[in-house]
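What follows is a set of notes on a single structure, which appears directly below.
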Amino acid sequence: MRTQVLIVGAGPSGLLLGQLLHKAGIENLIVERQSGGYVLGRIRAGVLEQTTVDLLDEAGVGARMHAKGLLHGGFELAFDGKRHRIDLQALTGGKSVMVYGQTDVTRDLMEARASAGLPTLYEAQDVSLHGFDSDAPFARCKMAGKEIEIRCDFIAGCDGYHGVSRASVPAAVIQTYEKIYPFGWLGLLSDTSPVSHELIYGRHERGFTLCSMRSQTRSRYYLQVPLSDRVEDWSDARFWDELAQRLGSETAAGLVTGPALEKSIAPLRSFVAEPMRFGRLFLAGDAAHIVPPTGAKGLNLAASDVYYLWQALGEHYREQSQAGIEHYSARCLSRIWKAERFSWWFTSLMHTFKNEPAIDAKLHRSELEYLISSPAAQTVMAENYVGLPW
Ligand code: RFL
Ligand code: PHB
């Protein structure tokens with residue numbers, strides 16, 4: 001088997017890259033370890049920056065997003081029982097974010113790929129990558145027990161944090177930076193109307209809370225929990241009760257509870273791998289970097305990587321230019337480190353840290369008070385939240 005660009009992973013990075021390359025007339029094949037149904041079952045991101053929305057439009061998959069997505073011109077910070085609005089539109093000259101679930105983005109991309117007749121090998125086992133430091137890279141995998149070989153010009157490693165692509169790179173040529181936070185997020189999805197029409201990020205002595213949504217009738221809530229907790233420890237009743245306590249009586253009065261459609265715990269991590277290109281292998285999305293979800297940046301960073309890679313490969317095939325390929329890693333990393341910094345800052349500000357020195361708690365409170373009283377500080381927060389330019 002042969003293709004121009006072999007894409008490893010059918011998450012949002014791999015599917016979006018595949019769609020954009022196809023529009024540019026570049027052949028691509030995706031190999032994915034899981035089934036399509038499994039990929040769609042993962043409930044993750046909810047907030048898209050305008051540039052991500054624009055790229056989804058460019059890929060021709062924006063119609064349902066514009067019909068069903070919710071444009072948010074602000075969000076709220078809650079602490080000490082009070083809510084304070086960050087007016088994104090006023091602070092950024094009219095910018096907003098789109099609340100539209102990653103599951104929906106993935107489904108839109110999968111449907112577009114299927115209707116364009118583009119090949120995806122789901123349930124590909126034991127994918128291995130070879131020869132990417134030469135002009136003739138190739139991959140091997142097993143399909144229904146039978147070994148196949150795929151030759152290609154380039155490999156795009158879009159296979160997430162636990163994928164094979166980054167792991168295939170010799171340790172001597174890659175450097176990684178990592179911070180693991182001492183807590184996780186317990187998420188709950190329910191068919192109940194959201195407690196507020198905008199997102200609420202809450203700091204409370206019992207832990208961080210996020211009130212998000214997927215539509216006017218579907219809510220997504222998160223609670224900071226210790227890493228030792230398991231989903232089984234959290235009945236629906238315990239979740240709603242804890243959420244209400246952290247929100248405080250005024251906000252909790254408007255909380256509508258209901259059975260969980262999904263509940264899961266995600267660990268929080270900051271991680272960057274440098275560089276992001278190794279000969280003819282490119283890393284993109286979570287394969288190269290992870291941010292804690294507080295800043296809502298993970299999927300949006302995946303989109304900017306894909307944008308730079310699509311441009312680079314387009315220039316290569318159209319103009320025989322290597323410039324985009326040479327600059328891919330530096331372009332991505334410049335944006336990634338800024339989003340890493342913002343996500344780390346927002347996470348540190350809003351979560352409670354066990355055994356935190358009393359002075360740190362005081363400093364966090366002082367920073368929050370400064371933030372809600374200073375238009376300059378709010379502008380910094382807002383320009384990062386809506387997304388820095390590409
Ligand atoms: P994915 O989504 O992990 O997809 C990788 C795909 O590769 C496959 N794979 C393999 N395939 C073949 N062979 C192998 N050896 C393979 N190993 C893995 C996997 O099965 C999978 O299908 O990575 P991708 O495409 O780079 O997408 C990244 C995003 O999923 C991620 O950054 C976001 O979900 C992060 N994130 C958020 N991002 C935002 O921009 N806004 C948000 O509001 C937001 N909220 C979140 C989040 C992530 C969360 N969790 C669970 C970590 C909220 C949460 C709770
Ligand atoms: C979500 O809706 O899943 C979501 C929203 C904002 C975040 C993280 C997750 O910062």
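No hydrogens, no waters, no symmetry mates; every other heavy atom, side chains included, goes into these values. Whatever order the structure lists them in is the order used to number ligands and atoms, beginning at 1. Values in this document were obtained by computation on a predicted structure and should not be read as measured data.
Cation-pi check for R341 over W344 is not met; the charged atom does not lie both under 6.0 angstrom from the ring centroid and within 45 degrees of its normal. F154 carries R280 over the face of its six-membered ring, with the cationic atom under 6.0 Å from the centre and within 45° of the normal. Under a cutoff of 6.0 Å and an axis angle of 45°, K95 and Y385 do not form a cation-pi pair. Both the sub-6.0 Å distance and the 45° axial angle are satisfied by R166 relative to the ring of Y161.
Here C158 has backbone heavy atoms under 4.0 Å from ligand 1, and that is the only part of it that gets that close. Residue-level proximity to ligand 1 for V8 is carried by the side chain, the only part with a heavy atom below 4.0 angstrom. Contacts between Y38 and ligand 1 below 4.0 angstrom, taking non-hydrogen atoms only, are absent altogether. Under 4.0 Å from ligand 1, heavy atoms of D286 appear from its side chain as well as its backbone. Contacts between P293 and ligand 1, counted as non-hydrogen atom pairs separated by less than 4.0 Å, involve the side chain only. Looking at A266 against ligand 1, only its side chain comes within 4.0 Å, counting heavy atoms. At a heavy-atom distance under 4.0 Å, only side-chain atoms of Q102, from C-beta outward, approach ligand 1. Only the side chain of V39 comes within 4.0 Å of ligand 1, counting heavy atoms alone; its backbone N, CA, C and O stay farther away.
Summary of contacts: the protein heavy atom closest to atom 48 (C) of ligand 1 is R44 CB, 4.2 Å. Scanning the protein heavy atoms around atom 2 (O) of ligand 2, the nearest turns out to be S212 OG, 2.6 Å.
Remark: the backbone N or O of V127 is not paired with any side-chain donor or acceptor of K142 at under 3.5 angstrom. Side chain of T120 to backbone of Y122: no donor-acceptor contact under 3.5 angstrom is found. Using a distance-only test at 3.5 Å, with no hydrogens or angles considered, no donor-acceptor pair links the side chain of R113 to the main chain of L15. Of the possible polar contacts, one joining the D233 side chain to the R230 backbone as a donor-acceptor pair under 3.5 Å is found. Checking side-chain atoms of R246 against main-chain N and O of F208 turns up a donor-acceptor pair under 3.5 Å. A distance-only check finds a donor-acceptor pair linking the side chain of T347 to the backbone of S343 [under 3.5 Å].
Atom numbering of ligand 2 starts at 1 in the shown order; those under 4.0 Å from a heavy atom of V47 are 5 (C), 6 (C). Counting the atoms of ligand 2 from 1 in the order shown, those under 4.0 Å from a heavy atom of R44 are 3 (O). Atoms of ligand 1 found under 4.0 Å from any heavy atom of N300 (numbered from 1 in listed order, with element): 40 (O). For ligand 2, the atoms sitting less than 4.0 Å from at least one non-hydrogen atom of Y201 are 6 (C), 7 (C), 10 (O), numbered in the order shown with element in parentheses. Heavy-atom proximity to K297, at under 4.0 Å, picks out these atoms of ligand 1: 39 (C), 40 (O). Distances below 4.0 Å separate heavy atoms of P293 from the following atoms of ligand 2: 7 (C), 8 (C), 10 (O). Counting atoms of ligand 1 from 1 in the listed order, those under 4.0 Å from a heavy atom of V164 are 15 (N). Heavy-atom proximity to L199, at under 4.0 Å, picks out these atoms of ligand 2: 5 (C), 6 (C). Shown in contact with T294 at under 4.0 Å from a heavy atom are these atoms of ligand 2, numbered in order with element: 10 (O).
Residue contacts with ligand 1: R33 is placed with a nitrogen or oxygen under 3.5 Å of a nitrogen or oxygen of the ligand (distance criterion only). In terms of polar-atom proximity, G46 is counted as a contact of ligand 1, with an N or O under 3.5 Å from an N or O of the ligand. Of the polar atoms of H162, none of the N or O atoms is found under 3.5 Å from an N or O of ligand 1, judged by distance alone. At least one N or O atom of P12, backbone or side chain, sits closer than 3.5 Å to an N or O atom of ligand 1. Distances between N or O atoms of S13 and those of ligand 1 include at least one value under 3.5 Å. In terms of N/O distances under 3.5 Å, ligand 1 is approached by A296.
In this structure, R214 counts as a contact residue of ligand 2, since one of its heavy atoms falls inside 4.0 Å of the ligand. Ligand 2 is approached by W185 to a heavy-atom distance shorter than 4.0 Å.
Separating the CG atom in D80 from the CD atom in E205 is a distance of 9.5 Å, to the nearest 0.5 Å.
Among L268, D159, I30, the residue whose heavy atom lies nearest to atom 9 (N) of ligand 1 is D159.
Note: F79 and H204 fail the aromatic proximity criterion, with ring centroids not under 6.0 Å apart.
The neighbour count for F353 CZ, taken as heavy atoms of other residues, nucleotides or ligands under 6.0 Å away, is above 12.
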I would like to know whether H289 and W337 meet side chain to side chain donor-acceptor pair (under 3.5 Å); could you show each step before the answer? CA-CA 9 Å; H289 43 79; W337 277 112; over 6 Å; no
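In this structure, G18 and L118 approach most closely via the heavy-atom pair O-CD1, 4.4 Å.
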